[in-house]
Amino acid sequence: MKKYKVSCIIPIYNVEYYIEECIDSVVNQTIFEDVEVILINDGTPDNSIELCQPYLDKYDNIQLFNYENGGLSKARNRGVTHAHGEYIAFLDSDDILAENAYELMYNNAKEYDCDLVCGYVLRFNDDKTYTSKIHKIAFDGNYYGVTYKDIPHVEYDTTSWNKLFRRSFYLENNFAFPEGILYEDIAVSSKAHVLAKKMSFMSDDVVYYWRSRPGSITRNRLDEDNFPQRVVAIKVALDFLEASNHKYDDYLEKFLTKTFDFDLIIFVNLFSVGDKVFRNNIVNYLHDIIGKHKEVIRNDLKTVNKIKYRLIYDNKQTELINYLNHITKINKIRKRNKRILRSLKSPKRLKKYAIKLIKRISYRFFQLLPINNKKIFFESDWGGSYKCNPRAIYEYIIDNNLDYICAWSFKDKHTPIKGHAKKVRRYSIGYYYNLATAKYFINNVNWPNGAKKRDGQFEIETFHGTFLKKMGFDVASEVDTPNKYNGLKKRVSRYDCGIAQGKYMSTKIKEAFLLPNLEILETGYPRNDVLFQEHDINKLKEKYNLPLDKKLILYAPTFRNKVSFNIKMDLDRLRKEVGNEYIILFRLHYMIKDNVDFEEYYPFIQDVSDIKNLEELMLISDALITDYSSIMFDYSILNKPMLFYIYDLPYYSSIRGIYFDIEKECPGPIIKKEEEVYIAIKDLFKNSVNYNDKYQEFKNKFVTFEEGNACQKVIERLQQEK
């Protein structure tokens, strides 16, 4: 058997969207021929293993071992039993390695005869690469061939996957990840630090890129099980350190300080925004730990954290919430004062601060002025567009010569609109004047946190569409700090009415935004009124230079939080298969539309991403292809065929979470594999009759309020406030 330098263990579970990028980062290692790759199938239900097969066929040093699902720790432990390399490395299947990671770490291990080598880490998501806070603290210099006593912040290096473990060292000391808990790395890393006879910390070279996912364990801190699991993992590490007969007391003291000041305080600081279960978990799980280590808390922690732990120990929950809110206010004042001081040192910053101050003072002055009972202030997409429900309501007012004064907020004041409404630049003096003096506010997102609603003002939240993906307080990563939580709470507390297109949405609005008593206008969406009206479809097609003799299929995929978009279609094959009968209208999200070029496929494929009026595209199209976009609800009003191409369902549901089983609810063919999409498009019209019953069930659940008179009903509600 070949002697490998490194055995790389990769557990696999529900990572079909990431696994190829992960394995590619191993294949591209500068010493790949000396790396044994051990893939552990942890009973994954998705297509991850299919995506691994080409690598298994091509490379002899990549092996796959299949097991029933046992969790990440068990998968890693199983992987170790198959490892033969001189050193062992762990790689999470949604992360990636730097190209020379294993060469750098292995060479260092050999040069300094190390049991353990630890390398620097960066975080990344689909948009950027950025600092990992915990690794920035741990890696404050290069330390080669030393013990933990020589590394100032060794205790902060708690991850297992940025390391090489000498295999003999790993086996002789019976290392194993504790099974059945989260944060299992803490126990292994702390034990390795103190047992390694020699170790290295490599701070100059990035070896590992740690993916940030909104749905990941580390992001969802408010989840019921998250905090208890963190405590259990810490206790496993403490049990080992405390059983050493004081041999590692120097490390233990630093570990405890880090635990209280970093690991646990993250959760404590969320106490005021967590629910009752979360708060009780904090009190119950920390009571004994605090009592046992009062001396560390008293001597080594910041005063502000000492007080927090004391209040937890005494179970003074109300006092802790008040104290946390007080600290938040103090921190805001400090940040503001720092900004002022920086501004005083820079003429450019001073000017910027002065302008902000003028706007703030002006806004307060404007709030002393009378409210104009005829004025409506509109905004769509944070001032980025003139569309959606706010536009439909506004144009109804214009078309019917209703006696209102209208103003619009735009990032670009030159945005063309119908009628003669006053246009103001977002965050300008005029913007704050309208925020202070308008009677009515209509928006499909939110006004800023700093907006202060006056007595007598009335806000209607129209929303973008019916919720498929999770929203509001249901998105843990959107409310996982007090600032985020309080900001959202402030914004939604201003709502007087929400608009829904069905009973399902009425319920979801109240649940997602914690507004059980919010008034819901059960009107349907104003933008959809046009879908109930008579239209000359041929004229609309001519307006967009589209042929009259071919069927038009609108493809409108949702945004995936990526700067680019993989179409997941062979456009040449698509043209060959359906080009004689169909035209495909591609409508991509504005953030990715410029990254895809369809020019060589014209006129078969036509890019309609820049067409503002989505409703007209819906009217002229004969069918829709989509995935998770809320267009599905609006489009169902037209009773036209729909096809759902959801090739990345596990990924999409993991990054945001979705409210219902899309495969059971959607009224059309569900396609997950690219090779099936071409046949499904050809058969879409022929098979649409098979979905008639499901289509009607879908409409009955989601669009029951749509009657084509939503704008009228919204205006009638406004008139009740006069």
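Worth knowing before you read on, the calculation uses all heavy atoms, side chains too, and leaves out hydrogens, waters and symmetry mates. On a predicted model such as this, the values are computed, not experimentally measured, just so you know. Starting from 1, each residue takes its place in the sequence as its number.
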Distance-only, no hydrogens or angles: does the Ser93 side chain make a donor-acceptor pair with backbone N or O of Val15 under 3.5 Å? no
Would Tyr431 and Phe377 count as a close aromatic pair, with their ring centres under 6.0 Å? yes
I'd like to know if Lys672 pairs up with Glu663 as an ion pair, taking the criterion as any Lys NZ or Arg NE/NH1/NH2 lying under 4.0 Å from an Asp or Glu carboxylate oxygen. yes
Quick check: do Pro669 and Asn687 have side-chain heavy atoms less than 4.5 Å from each other? no
Under a 4.0 Å N-O cut-off, is there an ion pair linking Lys453 with Asp496? yes
Would you mind listing every salt bridge (Lys or Arg N to Asp or Glu O under 4.0 Å) that reaches into residues 684-700, with sequence neighbours excluded? Asp683-Lys686
Just by distance, with hydrogens left out, do Thr466 and Ser630 show a side-chain donor and acceptor under 3.5 Å apart? no
Does any non-hydrogen side-chain atom of Val492 lie less than 4.5 Å from one of Leu518? no
Could you pull out all residues at least two apart from Asp403 that satisfy side-chain hydrogen bond (donor to acceptor under 3.5 Å, both in side chains)? Lys374
Donor-acceptor pair, side chain of Arg575 and main chain of Asp570, under 3.5 angstrom: no
Using side-chain heavy atoms (C-beta onward) and a distance below 4.5 Å, is Phe458 in contact with Phe441? no
Intermediate values then yes/no, side-chain contact (heavy atoms from CB on, under 4.5 Å), Leu718 and Tyr404: CA-CA 11 Å; Leu718 289 186; Tyr404 289 100; 4.1 Å; yes
More than 12 heavy atoms of other residues, nucleotides or ligands under 6.0 Å from CD of Glu599: is that the case? no
Looking at CD1 of Ile715 and OG1 of Thr523, how far apart are the two atoms once the value is rounded to the nearest 0.5 Å? 11.0 Å
Do you know the tightest heavy-atom contact between Pro516 and Lys510? O-CD, 3.6 Å
Minimum side-chain heavy-atom gap Tyr628-Pro557 below 4.5 Å: no
As an exercise, state the distance from CD1 of Ile405 to NZ of Lys422, rounded to the nearest 0.5 Å. 12.5 Å
Check whether more than 12 heavy atoms from other residues, nucleotides or ligands sit under 6.0 Å from atom NZ of Lys418, and answer yes or no. yes
Would you say Ile393 and Phe378 make side-chain contact, with heavy atoms under 4.5 Å? yes
Give the C-alpha distance, both sets of side-chain angles, the deciding distance and a yes or no for side-chain hydrogen bond (donor to acceptor under 3.5 Å, both in side chains) between Asn692 and Gln696. CA-CA 6 Å; Asn692 285 349; Gln696 193 56 49; over 6 Å; no
Under 3.5 Å donor-acceptor, Asn401 side chain and Ile397 backbone: no
If you round to the nearest 0.5 Å, how far is CG of Asp622 from OG of Ser688? 11.0 Å
Side-chain heavy-atom pair Arg211, Tyr18 within 4.5 angstrom cut-off: yes
Using only atom types and a distance under 3.5 Å, with no angle test, would you say the side chain of Gln501 pairs donor to acceptor with the backbone of Glu706? no
What do you reckon, are the aromatic ring centroids of Phe463 and Tyr525 less than 6.0 Å apart? no
Without hydrogens or angle criteria, can the side chains of Gln533 and Asp529 be said to hold a donor-acceptor pair below 3.5 Å? no
Flag, side chain of Tyr13 to backbone of Asp46, donor-acceptor distance under 3.5 Å: no
Taking distance alone, no hydrogens or angles, what donor-acceptor pairs closer than 3.5 Å link side-chain atoms of residues 407-414 to residues at least two apart or in another chain?
from: Ser409; atom 1: OG; to: Glu379; atom 2: OE2; distance (Å): 2.6
from: Asp412; atom 1: OD1; to: His414; atom 2: N; distance (Å): 2.9

Trace of the side-chain contact (heavy atoms from CB on, under 4.5 Å) decision for Leu402 with Tyr396: CA-CA 8 Å; Leu402 300 182; Tyr396 179 87; 4.0 Å; yes
Given side chains that start at C-beta, do those of Lys423 and Ile417 come closer than 4.5 Å, heavy atoms only? yes
State plainly whether the residues Lys682 and Glu581 are in salt-bridge range, i.e. N to O under 4.0 Å. no
Please tell me whether Phe473 and Tyr485 form a close aromatic pair, meaning their ring centres lie under 6.0 Å apart. yes
Pair Gln712-Glu716, side-chain donor/acceptor within less than 3.5 Å: yes
Do the side chain of Arg587 and the main chain of Tyr555 share a donor and acceptor less than 3.5 angstrom apart? no
Would you verify whether the NZ or CZ of Lys508 falls within 45 degrees of the ring axis of Tyr659 while also being under 6.0 Å from that six-membered ring's centre? yes
Charged N-O contact under 4.0 Å between Glu461 and Arg494: no
Pairwise distance CG(Asn528) to CZ(Phe705) - rounded to 0.5 angstrom: 14.0 Å
So, does Asn613 use its side chain to make a donor-acceptor pair with the main chain of Glu616 at under 3.5 Å? yes
Interatomic spacing from CD1 in Ile583 to CD1 in Ile620 - rounded to 0.5 Å: 11.0 Å
Within the distance-only criterion (no hydrogens, no angle test), does the side chain of Ser380 pair as donor or acceptor with the backbone N or O of Pro390 below 3.5 angstrom? no
Can a side-chain donor-acceptor contact be found between Glu674 and Tyr678 if the only test is distance below 3.5 angstrom? yes
Which atoms form the tightest heavy-atom contact between Ile398 and Gly419, and what is the distance? CG2-CA, 4.4 Å
Distance-minimising heavy-atom pair for Val714 and Ile460: CG1-CD1, 4.0 Å
Is the distance between the ring centroids of Tyr647 and Tyr645 less than 6.0 Å? yes
Without swapping roles, check the side chain of Ser428 against the backbone of Val424 for a donor-acceptor pair under 3.5 Å. no
Which atom pair, heavy atoms only, marks the closest approach of Thr44 to Ser48? OG1-OG, 4.1 Å
Indicate whether the side chain of Tyr601 and that of Gln606 have a donor and an acceptor atom separated by less than 3.5 Å. no
Main-chain N/O of Asp381 paired with His464 side-chain donor or acceptor, under 3.5 Å: no
Would Asp648 and Lys568 count as a side-chain contact (heavy atoms from CB on, under 4.5 Å) here? Give the steps. CA-CA 10 Å; Asp648 58 350; Lys568 283 285 186 178; over 6 Å; no
Any Lys/Arg nitrogen of Glu395 or Arg391 sitting under 4.0 Å from an Asp/Glu carboxylate oxygen of the other? yes
Would you check if there is a donor-acceptor pair between the side chains of Ser621 and Tyr635 at a distance under 3.5 Å? yes
Closest approach of Ile637 and Phe532, non-hydrogen atoms and distance? CG2-CZ, 3.6 Å
Going through the checks in order, is the side-chain contact (heavy atoms from CB on, under 4.5 Å) test met by Ile520 and Cys497? CA-CA 6 Å; Ile520 303 296; Cys497 293; over 6 Å; no
Give the ring-plane orientation class for Tyr386 versus Tyr394, where under 30° counts as parallel, over 60° as perpendicular and anything between as tilted. perpendicular
What is the distance from atom CG of Asn389 to atom CD1 of Ile442, rounded to the nearest 0.5 Å? 10.0 Å
Determine, using ring centers only, whether Tyr582 and Phe685 are less than 6.0 Å apart. yes
With a 6.0 Å cut-off on the ring centroids, do Phe660 and Phe702 count as close? yes
